[in-house]
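Note sheet for the following structure.
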Amino acid sequence: MISLSKKLMLIDGNSIAYRAFFALPLLNNDKGIHTNAIYGFTTMLMKLLEEEKPTHLMVAFDAGKTTFRHKTFEDYKGGRQKTPPELSEQFPFVRDLLDAHNIKYYELDQYEADDIIGTLSKQAEKDGFETVIISGDKDLTQLASEHIRVDITKKGITDLERYTPAHIEEKYGLTPDQIIDMKGLMGDSSDNIPGVPGVGEKTAIKLLKQFGTLEKVLDSIDDISGKKLKERLEENKHLAEMSKQLATITLTAPVTVKLTELEKQEADYEKLTKLYKELGFNSLLDKLDGEEEEVELKDIDWEEVTDFEKDDLPSQAELYVELYDENYHTADILGISVHADKKTYFISPEHASKSKVFKSWIEDENHSKSVYDAKGSIVAFGRLGMDLKGIDFDLLIASYVIDASEAADDFASIAKRHGADAVPTDESIYGKGAKKKVPEAEVLKQHTARKAAAIHHIKETCIQSLEKNEQLELFEKLELPLATVLAEMERKGVKVDIDRLKDMGVELKKRLEEIQTDIFRIAGEEFNINSPKQLGVVLFENLKLPVLKKTKTGYSTSADILEKLKPEHEIIEHILHFRQLGKLQSTYIEGLIKVIHDDSNKIHTRYNQVLTQTGRLSSTDPNLQNIPIRLEEGRKIRQAFVPSEKDWVMFAADYSQIELRVLAHISDDTGLKEAFHKGMDVHTKTAMDVFGVKKEDVTSGMRRHAKAVNFGIVYGISDYGLSQSLDITRKEAAEFIKKYLDSYPKVKEYMDDIIHEAKQKGYVETLLHRRRYIPEITSRNFNLRGFAERTAMNTPIQGTAADIIKKAMIEMADRLKAESLQTRMLLQVHDELIFECPKDEIEKLEKIVPEVMESAVELSVPLKVDYSYGNTWYDAK
DNA sequence: TGCTCCACGC
DNA sequence: GACGTACGTGGAGCAG
């Protein structure tokens, strides 16, 4: 075969997906979507791209149910098994996959993929292409020619048989054209093409070798040997002709794509990564990382300086600080870059901290800086003795506000998402895991410089997106100022009484040992209680306790299951207690001690401002948003959180039922609003409304149920979730939710409306225009759609609550400053703010804090804040 | 090192 | 009917 420079690959999409589906076991990903066909399709595609290196590429799909062939023969493809739903649900993902690879796909009403492929392959032949066709359907082999090769899947999916005219000659002794005649004679059971009864492959080939074409065979029936065969051909002449017609691939389908449009393009790695993650294709993700790193680095102009002249630093510039790891409180500061006008500078942190010109520029709020990660930058510059001010843009936050679903793992992926693809990933510069290291100076400096330049390139696009989505105010007036407030909170840190923690640790250790001894005695053997695997063996095999639930890997030993086994065996309560105390010891005693800064005995958490899909913050190193409170033993941990100054107190304020108030506001439901206007206990009120009883007749059980439903509404749990938390059947839970919605009709209306809106727009919004895209809302997959619907209902509630407390935090910080108070805001726990303050400021705070928090936004129901103070966080209850 | 299980908070 | 179902972070065990 002559090697031509243009190589076209045409893939029969349906056929390959079918092949993959039946060749691979029915794989599931963690979302319950079947993925075997998608996976098989992907691996096959990768292999083909690598081996064939096509310059042009397209995937053809069959369109709909009927084709022009059905006019010839109604029962064409009749009797074929309906596509299994497990497969059809995968087709949309195959298309997503192709989109992510930037591979064109095409379908044409009334035509099959074969016809599209046939038409294009012949056009390509004329235009001097070499073409490879990939399918599982041997029919396609009729297209083989000098410049068209047809590869048909054999067993499995990666094994292909290459049909060239020579191979067909060798295999059947026929030319490619004669394949159609062969089909006419012998038929094709898979497409329900009848052919001539009694004529199979052998006879068909024999006849064609003798006469050449079907028509000639039918004209020469008299010359054929064998009486029976003659009769059959005679009787089925018409059937044979129709069969040939059906099997003939049309070469003149009205295909509208041009070959020039099929040129192979670079994949969209961002999209691919997202898709692979969604599908759980971890092995493919790994490969992807490798490919991405190969991206060529375009040189940029940058200059290293040791100091600045005043004129170097204009009133608008991009600023970037490069750190060695993600914890900006402690990470090595490796370099700083500034993109000013058309120049990009690099300066070492040592030189930067000595430069007076630089410091005064950094601290001048009239000089605007565009950064990546405002909060981290403020902290890092703080460590260099500079108070970073005047941040007017943050690429990281902007990207989060625009679409929180795109993970913010590193600069490169965010830059690329917004069109700057010349920034290498940090991993490619530093390596990862044990191999991570600072690269040679030139590489580091260029990398740092490149980021400042990238921010400059992207800024405008981001602002336009924000503007278009009416999110500029959310970005500029809420998230950006919040970053400064959070930086301040993190930097101040919260003081920990380390001795108190250690004492608790000693006490816990003693008790754990005692419980362990008990457990071993009762079990009659020693084992690792912390190993669910070993514990499972002891409980369910040795002690023969009933198995109520299994996990993927063995027996479930979760607390709710053990709780049910309590009456069965005395060992259970010991195990539960051991678990509870063990958690306190490892996570809260040892874990907290690990992150206390030696010099100050303070903890400096990091709030992640760009992570959650709802707009909430999260907290790491340590997570101060999950310090125990519900059980007394755990709650005592809070005694270790103390004021950092003598004679100060901890002051805690929390919003009462903020989410339900938000729901009352959004839904405008009279009954729900009444609870808040009258200052009632909302769970009792719900119990009254749902069970139709008077206040004094609400039992504790009713209230508990009502509370669980309210909880479910706020967090968007399903009937299943509710059934779990109340230990009732799913049906009962569903009925319960229905009763709730009947009692609050406008809540029901809101739920219906918001789902409808999400379907229309593809996203939902909070009060302050925070957006969450919910593409799965139109999914045909029951699970995904159900999940999406709950997300649509829940996000505006939880997200609005998040908006409100964020706004309150900014206003609180302003107010403390305006009133020149010493009080420090230290922590945020979703609906709660914790301060430390001198005792003589308590009285003021008691007025200011509720006032600011309650008036952060105005809803149609009042916001209510409860507060309290004490010598430790524990005592502020 | 990455996965699973478990448990804490809102 | 669909069979796994609020969001996070972190520790321990375990397999490769």
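Chain naming here is simple, since letters A, B, ... match the order of the sequence lines and numbering starts at 1 in each.
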How would nucleotides 5-10 of chain B be written as a contact map, 5' to 3', with B for base contact, S for sugar-phosphate-only contact and - for no contact, using protein heavy atoms under 4.0 Å?
-> SSBBSB
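Evaluation of the side-chain contact (heavy atoms from CB on, under 4.5 Å) rule for Leu508(A) yields Leu581(A), Leu584(A), Gln585(A), Ile589(A) as partners, not counting sequence neighbours. The side-chain contact (heavy atoms from CB on, under 4.5 Å) search around Lys583(A) returns Thr587(A), Tyr588(A), not counting sequence neighbours. Residues satisfying the ring-ring contact (aromatic ring centres under 6.0 Å, His included) test with Phe641(A), not counting sequence neighbours, are Trp873(A). Take Glu563(A) and apply the salt bridge (charged side-chain N to carboxylate O under 4.0 Å, His left out) test, not counting sequence neighbours, and it matches Lys566(A). Shown here are the salt bridge (charged side-chain N to carboxylate O under 4.0 Å, His left out) partners of Lys748(A), two or more places apart in sequence or in another chain: Asp752(A). Applying the salt bridge (charged side-chain N to carboxylate O under 4.0 Å, His left out) test to Glu573(A) and every residue at least two apart in sequence or in another chain returns nothing.
For Asn530(A) against dG13(C), a side-chain-to-base donor-acceptor contact under 3.5 Å is absent.
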Watson-Crick and G-U pairing of DNA chain C, under 3.5 Å, as dot-bracket with | and [ ] = ......|||||||||.
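Residue pairs meeting the ring pair (Phe, Tyr, Trp, His ring centres under 6.0 Å) criterion with at least one member in residues 771-810 of chain A, sequence neighbours excluded: Tyr763(A)-Tyr773(A).
Aromatic rings of Tyr715(A) and Phe711(A) (six-membered ring for Trp) have centroids within the 6.0 Å cut-off, being under it.
Note on Tyr720(A): a base of the nucleic acid sits closer than 4.0 angstrom, heavy atoms only.
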